[in-house]
Amino acid sequence: MDPTEPSELVLLIVKIGFLALLWGFVLVAVRAVRLDMFGPTKRQQRREPPPMARPTPPRTPPQPARKPQSPSKLVVTKGHLAGTTIPLGSSPVTIGRAQDSTLVLEDDFASGRHARLVPHDGQWFVEDLGSTNGTFLNRSKVTSPMPVPLGAPVRIGKTVLELHR
């Protein structure tokens with residue numbers, strides 16, 4: 001045997017190491033795609049560290065309580081229906097491609113019954129109705145009813161909606 005050639009044991013170890021590295025890459029890629037499509041699992045959500053405590057602001061004298069202004073209209077800011085305004089009342093607003101929706105979207109990335117906006121105690125909440133591509137509020141995926149602040153973007157496919165006064 002030539003002393004410059006690696007032994008069979010060294011070659012076997014290198015092959016196994018390369019194979020393990022390749023499988024590690026495949027598993028990381030599959031996990032990234034799964035996380036992108038379905039979001040974090042309950043176990044991954046529990047692992048998140050608790051938010052850091054914010055410093056307390058200096059005390060100021062109490063201000064008279066002002067009733068928060070509730071939104072009066074839903075405005076489409078991006079998408080095929082940009083500029084469309086829907087007045088808000090006391091009934092929920094359904095959004096999707098279905099013809100019986102309050103806001104009918106012409107968006108291939110929207111489901112038939114995609115999401116709804118529901119009023120509750122003077123505040124509006126967005127709720128995803130099991131859509132395929134998800135509903136996003138301020139770049140966060142909506143997984144349960146979430147309060148919608150004034151001017152916060154709600155994205156459904158290529159359509160962006162905002163609540164205004």
Colleague: Nearest 0.5 Å, please: how far is CZ in Arg165 from NZ in Lys73?
Modeller: 11.5 Å

Colleague: I'd like to know if Arg113 and Asp100 make a salt bridge, using a cut-off of under 4.0 Å between side-chain N and carboxylate O.
Modeller: yes

Colleague: Do Pro153 and Asn138 have side-chain heavy atoms sitting under 4.5 Å apart?
Modeller: yes

Colleague: Is the shortest side-chain heavy-atom distance between His164 and Pro71 below 4.5 Å?
Modeller: no

Colleague: May I ask you to list the residues sharing a hydrophobic cluster with Val142, side-chain cutoff 4.5 Å, ordered by chain and number?
Modeller: Leu74, Val76, Leu81, Ile86, Leu88, Val93, Ile95, Leu103, Leu105, Leu117, Trp124, Val126, Leu137, Met146, Val148, Leu150, Val154, Ile156, Leu161, Leu163

Colleague: Kindly give the heavy-atom pair with the smallest separation between Pro149 and Pro147, and that separation in Å.
Modeller: CD-O, 3.4 Å

Colleague: I'd like to check the salt bridge (charged side-chain N to carboxylate O under 4.0 Å, His left out) partners of Glu127; sequence neighbours left out, ordered by chain and number.
Modeller: Arg116

Colleague: Output yes when a side-chain donor or acceptor of Ser70 lies under 3.5 Å from a complementary backbone atom of Gly122, and no otherwise.
Modeller: no

Colleague: Are any side-chain N or O atoms of Ser111 and backbone N or O atoms of Thr132, one a donor and one an acceptor, separated by less than 3.5 Å?
Modeller: yes

Colleague: Report the distance from atom NZ of Lys78 to atom NZ of Lys158, rounding to the nearest 0.5 Å.
Modeller: 13.0 Å

Colleague: Between Ser101 (side chain) and Val104 (backbone), is there a donor-acceptor pair under 3.5 Å?
Modeller: no

Colleague: How many angstroms lie between CG in Leu11 and NZ in Lys15, if you round to the nearest 0.5 Å?
Modeller: 6.0 Å

Colleague: With Asp128 as reference, evaluate Thr135, Thr143, Asn133 under the side-chain hydrogen bond (donor to acceptor under 3.5 Å, both in side chains) test and give the passing residue.
Modeller: Thr135

Colleague: Closer than 3.5 angstrom, by distance alone: can the side chain of His80 be matched with the main-chain N or O of Thr159 as a donor-acceptor pair?
Modeller: no

Colleague: Test Ile16 against every option in Leu12, Leu19, Ile13 by the side chain to side chain contact (heavy atoms under 4.5 Å, CB included) rule and name the one that passes.
Modeller: Leu12

Colleague: Which pair of heavy atoms, one from Gly89 and one from Pro119, lies closest together, and at what distance?
Modeller: O-CG, 4.4 Å

Colleague: Is Asp107 reaching over with its side chain to a backbone N or O of Phe109, donor-acceptor style, under 3.5 angstrom?
Modeller: yes

